[in-house]
Protein chains: 2
Amino acid sequence: MKSYSLAEMKDKYIGKTGTKNRDEYEYELRMDVLGRMIKTARQERNLTQEQLGELVGVQKSQISKLESSANSATIDTILKVFKALKADIHFNVTLEKKHLRLA
Amino acid sequence: MKSYSLAEMKDKYIGKTGTKNRDEYEYELRMDVLGRMIKTARQERNLTQEQLGELVGVQKSQISKLESSANSATIDTILKVFKALKADIHFNVTLEKKHLRLA
DNA sequence: GAACAAGTTTCTATATTTGGAAACAGCTAT
DNA sequence: ATAGCTGTTTCCAAATATAGAAACTTGTTC
């Protein structure tokens with residue numbers, strides 16, 4: 001299995017819990033984190049940006065932009081990329097049980 | 001705690017695991033699921049669309065559009081809304097440990 | 001039924017993302 | 001140093017999201 005630098009993403013990365021059949025990564029949802037997720041998954045697949053671009057159906061420049069989080073990608077785009085990577089994505093929403101103060 | 005219909009979202013909803021201090025929701029990431037997540041969290045907070053709009057800084061019509069998933073929202077927008085709801089979000093990415101066949 | 005509250009839809013304008021193409025930078029190996 | 005591979009950046013066009021305003025629907029209450 002290809003290795004990659006965890007140190008590079010230490011401030012965003014939350015945890016990794018592999019099993020026999022899959023690797024799992026959990027991230028805090030921030031704007032600049034999606035790109036790291038895509039990059040990590042792509043490298044885990046041993047793909048170049050150009051190869052991933054072929055799978056997704058876009059140019060490598062677009063993959064580069066997505067990985068660098070130059071812009072705020074749409075859910076549509078994110079789904080397309082992870083689908084091409086055959087990666088499952090889940091959202092986890094946590095609501096603190098305290099009242100919100102209205103303005 | 002305000003109740004809400006689980007049946008309404010049965011095909012998208014994956015699980016709920018509450019604790020003493022918080023409610024947790026987990027979803028499969030699909031385009032049409034973000035709206036349901038926002039709606040559920042908003043109702044959990046007992047907010048109207050107009051009130052949430054005030055917290056976020058947009059009109060209630062914009063909240064309605066986001067909840068109905070009329071468009072593919074950007075991460076930027078999604079973050080703003082959940083931040084206003086004081087909700088934590090995590091992404092969970094799972095990679096199957098099998099080779100991808102390149103085209 | 002009039003008034004109100006909550007949510008939806010339509011219209012419009014603006015901002016941003018998407019995407020391709022090509023040039024560019026960094027690195028490696030011959 | 002040249003060629004090749006990988007990734008980045010810039011420029012540009014087209015598609016789409018964001019956003020407000022107002023009209024509209026639905027349900028509720030007086």
Side-chain angles (χ1 to χ4, degrees), chain A residues 2-5 7-9 12 29-85 89 91 99-100 102-103, chain B residues 2-5 7-9 29-85 89 91 100 102-103:
Chain A
K2 191 176 188 315
S3 71
Y4 50 89
S5 168
E8 268 189 17
M9 45 169 46
K12 315 292 181 183
L29 178 52
R30 302 189 200 167
M31 230 184 314
D32 61 331
V33 133
L34 271 299
R36 288 160 176 259
M37 294 170 61
I38 293 173
K39 182 173 187 174
T40 303
R42 174 177 64 81
Q43 290 175 338
E44 197 76 22
R45 293 298 195 202
N46 274 309
L47 297 174
T48 65
Q49 289 184 343
E50 188 164 30
Q51 288 172 321
L52 177 55
E54 286 168 21
L55 291 174
V56 176
V58 298
Q59 294 294 112
K60 62 177 182 174
S61 58
Q62 178 68 0
I63 302 296
S64 175
K65 289 167 192 166
L66 293 173
E67 288 188 0
S68 70
S69 296
N71 46 22
S72 177
T74 61
I75 295 298
D76 197 6
T77 299
I78 292 159
L79 281 178
K80 279 199 305 183
V81 173
F82 280 108
K83 185 173 185 179
L85 285 165
I89 325 170
F91 264 153
H99 286 283
L100 277 188
L102 295 181
Chain B
K2 190 175 188 312
S3 72
Y4 49 90
S5 168
E8 268 190 17
M9 43 168 50
L29 177 53
R30 302 187 200 168
M31 229 185 313
D32 61 331
V33 133
L34 271 299
R36 287 160 179 260
M37 294 170 61
I38 294 172
K39 183 173 187 173
T40 302
R42 174 177 63 82
Q43 290 174 336
E44 197 75 21
R45 293 299 195 202
N46 274 310
L47 297 173
T48 65
Q49 291 184 342
E50 189 164 28
Q51 288 172 320
L52 177 54
E54 286 168 19
L55 291 174
V56 177
V58 298
Q59 295 293 113
K60 62 177 182 174
S61 58
Q62 179 67 2
I63 302 295
S64 175
K65 290 167 193 166
L66 292 173
E67 289 188 358
S68 69
S69 297
N71 46 21
S72 177
T74 61
I75 296 298
D76 196 6
T77 299
I78 292 159
L79 280 178
K80 281 198 304 185
V81 172
F82 281 107
K83 185 173 185 178
L85 285 165
I89 326 171
F91 264 150
L100 275 187
L102 296 182

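Everything numeric here is computed off the predicted structure, so don't read it as measured data. Here is how names work: the chains are called A, B, and so on, in the same order as the sequence lines, proteins then strands, and each is numbered from 1.
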- Expressed in angstrom and rounded to an integer, what is the separation of B/Asn71 atom CG from C/dT16 atom P? 16 Å

- Message: According to side chain to side chain donor-acceptor pair (under 3.5 Å), who are the partners of B/Thr77, at least two apart in sequence or on a separate chain?
- Response: B/Thr74

- Could you pull out all residues at least two apart from A/Ser61 that satisfy side chain to side chain donor-acceptor pair (under 3.5 Å)? none

- Message: Each nucleotide in nucleotides 19-30 of chain C should get exactly one letter: B, S or -. Can you fill that in based on protein heavy atoms under 4.0 Å?
- Response: BBBB--------

- Task: Please work out if B/Ser64 contacts a base, only the sugar-phosphate, or nothing of the nucleic acid, heavy-atom cut-off 4.0 Å.
- Result: base

- Query: Does some side-chain heavy atom of A/Leu85 sit less than 4.5 Å from a side-chain heavy atom of A/Leu47?
  - Reply: yes

- Heavy-atom contact window of chain B on DNA chain D, given 5' to 3' at under 4.0 Å: D/dA17 to D/dA22

- Note on the structure: All heavy atoms of B/Leu52 vs all of B/Ala84, minimum pair found to be CD1-CB, 4.3 Å

- Atom CD1 of A/Ile63 and atom P of C/dT18 are separated, to the nearest Å, by 11 Å

- Query: What residues form a side-chain contact (heavy atoms from CB on, under 4.5 Å) with B/Glu67, not counting sequence neighbours?
  - Reply: B/Ile38, B/Lys39, B/Arg42, B/Gln49, B/Ile63

- Message: For C/dG7 and B/Arg42 - does any side-chain N or O of the residue sit under 4.0 Å from the phosphate oxygens OP1/OP2?
- Response: yes

- Message: Quick check: do A/Thr48 and A/Gln51 have side-chain heavy atoms less than 4.5 Å from each other?
- Response: yes

- Task: Round to a whole Å and report the spacing from CD of A/Glu67 to C1' of C/dT17.
- Result: 17 Å

- Message: Under 4.0 Å, counting only non-hydrogen atoms across every strand here, what does A/Ala73 touch: a base, just sugar-phosphate, or nothing?
- Response: sugar-phosphate

- Item | Straight-line distance of A/Leu79 CG to B/Ser72 OG, nearest 0.5 Å | 7.5 Å

- Task: Mind grabbing the angle between the end helix axes of the helix from C/dG1-D/dC30 to C/dT30-D/dA1? Five pairs an end, 10° rounding.
- Result: 30°

- Rounded to the nearest Å, what distance is computed from the CD atom of residue B/Gln43 to the C1' atom of nucleotide C/dA6? 12 Å

- Which part of the nucleic acid, if any, lies within contact of A/Thr74, taking any heavy atom under 4.0 Å across all strands shown: a base, the sugar-phosphate backbone alone, or nothing? sugar-phosphate

- Query: With a 4.5 Å heavy-atom cut-off, do A/Leu66 and A/Val81 have their side chains touching?
  - Reply: yes

- Task: Report the distance from atom CD1 of B/Ile38 to atom P of C/dT8, rounded to the nearest whole Å.
- Result: 12 Å

- Nearest whole angstrom, please: distance from the C1' of C/dG7 to the CG of B/Asn46. 16 Å

- B/Gln62 side chain to B/Gln59 backbone, donor-acceptor under 3.5 Å: no

- Task: Flag the pair B/Lys80 / B/Lys83 as yes when at least one side-chain heavy-atom distance between them is below 4.5 Å, and no otherwise.
- Result: no

- Message: Can you give me the closest heavy-atom contact between B/Ser69 and B/Gly35, atom names plus distance?
- Response: OG-N, 3.5 Å

